[in-house]
Amino acid sequence: MDQRNNASDRRVMELLSQSFPTVSAASTEIINLEAILNLPKGTEHFVADLHGEYQAFRHILRNASGNIRRKVREIFAHELSDGDMRELCSLIYYPERKLEFIKEQVDDMTEFYNHTLHRLVRVCRSVSSKYTRSKVRKALPKAFAYIIEELLHEQHSDYDKQAYFSRIIETVISTGQADSFITAISNVIQRLSIDQLHILGDIFDRGPEAHRIMDMLCEYDRFDIQWGNHDALWFGAAAGNDCCIANVLRLSLRYGNMATLEDGYGINLVPLATLAMEAYADDPCERFQVLACDNDKGTDEKTRMLLARMHKAISVIQFKLEGQLIDKRPEWGMADRKLLHRIDRAKGTIRLGEAEYPLLDTSFPTVDPADPYRLSPEEENLVSRLRHSFLVSDKLRRHVGCLFSHGCMYTIVNSNLLFHASVPLNPDGTLREVELGGALYSGRELLHHIGMTMRSAFNDDTPAAEKDFATDYFWYLWCGPESPLFDKSRMATFERYFIADKETHVEEKGAYYTLRDDEAVCDRVLDAFGVTGEHRHIINGHVPVRVGKGENPVRANGKLLVIDGGFAKAYHRTTGIAGFTLVYHSRGLQLVEHEPFTSAEEAISKGTDIVGTTQIVELSNHRQRVRDTDKGAELQGQIDELIQLLYAYRHGLLKERL
């Protein structure tokens, strides 16, 4: 065993020697890494349940969840008025558009440029102070990299260079580059204000611009995502799962959100509109009207009626398709979700268990009472065409690839366990074993194998039967009772549409949701995932926190943080706020509560922002350094290996490559 270890260590040393061929090179790298370990910890931002709210999400990235505003106040509290600080912040958030607005208001732009450039350099110097010069350099735009780097390292006490620095700024202005320079340095401030972004699932549905969020994230290399149930639904649609496609369309029509489907991914909805107008031409579709929200402002009555009919058409198709899949996968135990055959057309009722309920809508022109789950020829053709649209959408496939490359079912980072919704538990708080692919898994193993199953649906080398199961499984992840992304007894979609009695709408939550306020249960979950550290937490999204009704996102004596505050406009009345950001910086954890976002135009013209109140969750008794993080442990491992390399050089075990 020792010989094998020695041989392995030697191979590591030989590989290292290719990058660090001399004692001097290895020593220099050790010095560099030791210095990095003593820098302040980078700022992490945690958000959840974005639900297509691109404008609000983009603003939060631009203002770093209020961190830029805080920096500006720290620097200029005794120099600038509140109004001037708001104006400077909005310039940093939206530099190009703000400059256009300012030029209409200011007569002497030269003076404005002079003051503003000096102020922006000071802000940039502050946000870059916790990074190495190398890391800052990588964030700089090529056109102004040298100039910004010189200005960032200006020292107020260096009188010999004052004229030099002032002349740089004067020349930027005189050569007509001030606008471009302001935009460049503002973007650097935004970029350096967030070191790592964690998204706890649900980018899609409800809001109108999930595709634009994805466009932005695909260019944003410092993020990870823990997939949510709505993300899994879209994965399934992209993989060609008919049930997922029907659900995606139903949700989009329910919220009047066609932009992501049509403009974002080029999904052709004309065949659905055609079928809806033919099959439901005389149907008022009252139960399928678009929910009142900003997504359908300006929609005329004729269009709203068409959307309602499309909504009902795809809903009925969904119930049929789900019945077929439930029969195909009896091991999922979801036969109780087949309801079309329980309808008594003559009486206009449906029987659930021993009870009979009147239906709010009794028009089912495409449902054959003798074979209710069979698609009509027109529906069959429509489903085939919709499936083709999803499968050939290059942009959707690219976005799914981005989410797979940056995501997984869970993440452990800096003593924080991140997952979207739940870890299935038994009523006594122990980990629940869940069957997947013929084997039983729980906790960390369960989430790992689910993630591998999801990936296999998009791998070309996956065997056909395994790929077929993986594609079907996306729908189970969306609404299956033992899915960690859902974890409820059922999804009562049919009941909410067709039955007035709200008792039938109840979806009983799994044990995780009822037990997670117990600190001991949270500790058990953290132990099962191997999360260590004096200050460790579980961070979830999925279930909106009703702040307006007094609910607290901080639970289980601080061990659990639920950060779904309702980004989606449809949830604002429920939660009373417009989302959370959890910010983890070198001083500790802060929960930032967001106000509803109005528009970028208002932020530009009035200097408004959307950050509301900040709640201190946890403060560290010392400023955390890189050495206190997972990255620090990785760097320390590199230092240890380099020290071994030095030993090998100095004792003749390896020869320097001079």
Ring pair (Phe, Tyr, Trp, His ring centres under 6.0 Å) pairs touching residues 221-247, sequence neighbours excluded, are H51-H230, F204-W234, F223-H406, W227-F235, W227-F404, H230-W478, W234-Y265, F235-F404
Salt bridge between E379 and K320, side-chain N to carboxylate O under 4.0 Å? yes
Partners passing side chain to side chain contact (heavy atoms under 4.5 Å, CB included) against R342 (at least two apart in sequence or in another chain): L339, I350, L352
Can you run down the salt bridge (charged side-chain N to carboxylate O under 4.0 Å, His left out) pairs that involve residues 230-252, sequence neighbours left out, and say none if there aren't any? D242-R387
Can you name the salt bridge (charged side-chain N to carboxylate O under 4.0 Å, His left out) partners of R496, sequence neighbours left out? E507
Is D361 salt-bridged to R287, going by a charged N under 4.0 Å from an acidic O? no
Across all chains, not counting sequence neighbours, the salt bridge (charged side-chain N to carboxylate O under 4.0 Å, His left out) partners of D224 are none
Test of understanding: with ring-ring contact (aromatic ring centres under 6.0 Å, His included), list the residues that count as partners of F46, not counting sequence neighbours. H198
Under the side chain to side chain contact (heavy atoms under 4.5 Å, CB included) rule, collect the residues that match up with F57, sequence neighbours excluded. V47, L50, L61, L197, I199, I213, M216, L217
Quick one: salt bridge (charged side-chain N to carboxylate O under 4.0 Å, His left out) partners of E209, sequence neighbours excluded? R212
What residues, two or more places apart in sequence or in another chain, satisfy side chain to side chain donor-acceptor pair (under 3.5 Å) together with R62? none
Side chains of residues 277-286: which donor-acceptor pairs under 3.5 Å do they make with residues two or more places apart or in other chains?
from : atom 1 : to   : atom 2 : distance (Å)
D283 : OD1    : C285 : N      : 2.8
D283 : OD2    : K312 : NZ     : 2.6
D283 : OD2    : S363 : OG     : 3.2

List in chain and number order the residues that pass salt bridge (charged side-chain N to carboxylate O under 4.0 Å, His left out) with E378, two or more places apart in sequence or in another chain; answer none if no residue qualifies. none
Does NZ or CZ of K98 lie under 6.0 Å from the centre of the six-membered ring of Y93, at an angle within 45° of the ring axis? no
Could you list the residues that satisfy side chain to side chain contact (heavy atoms under 4.5 Å, CB included) with R222, not counting sequence neighbours? R191, I194, Q196, Y220
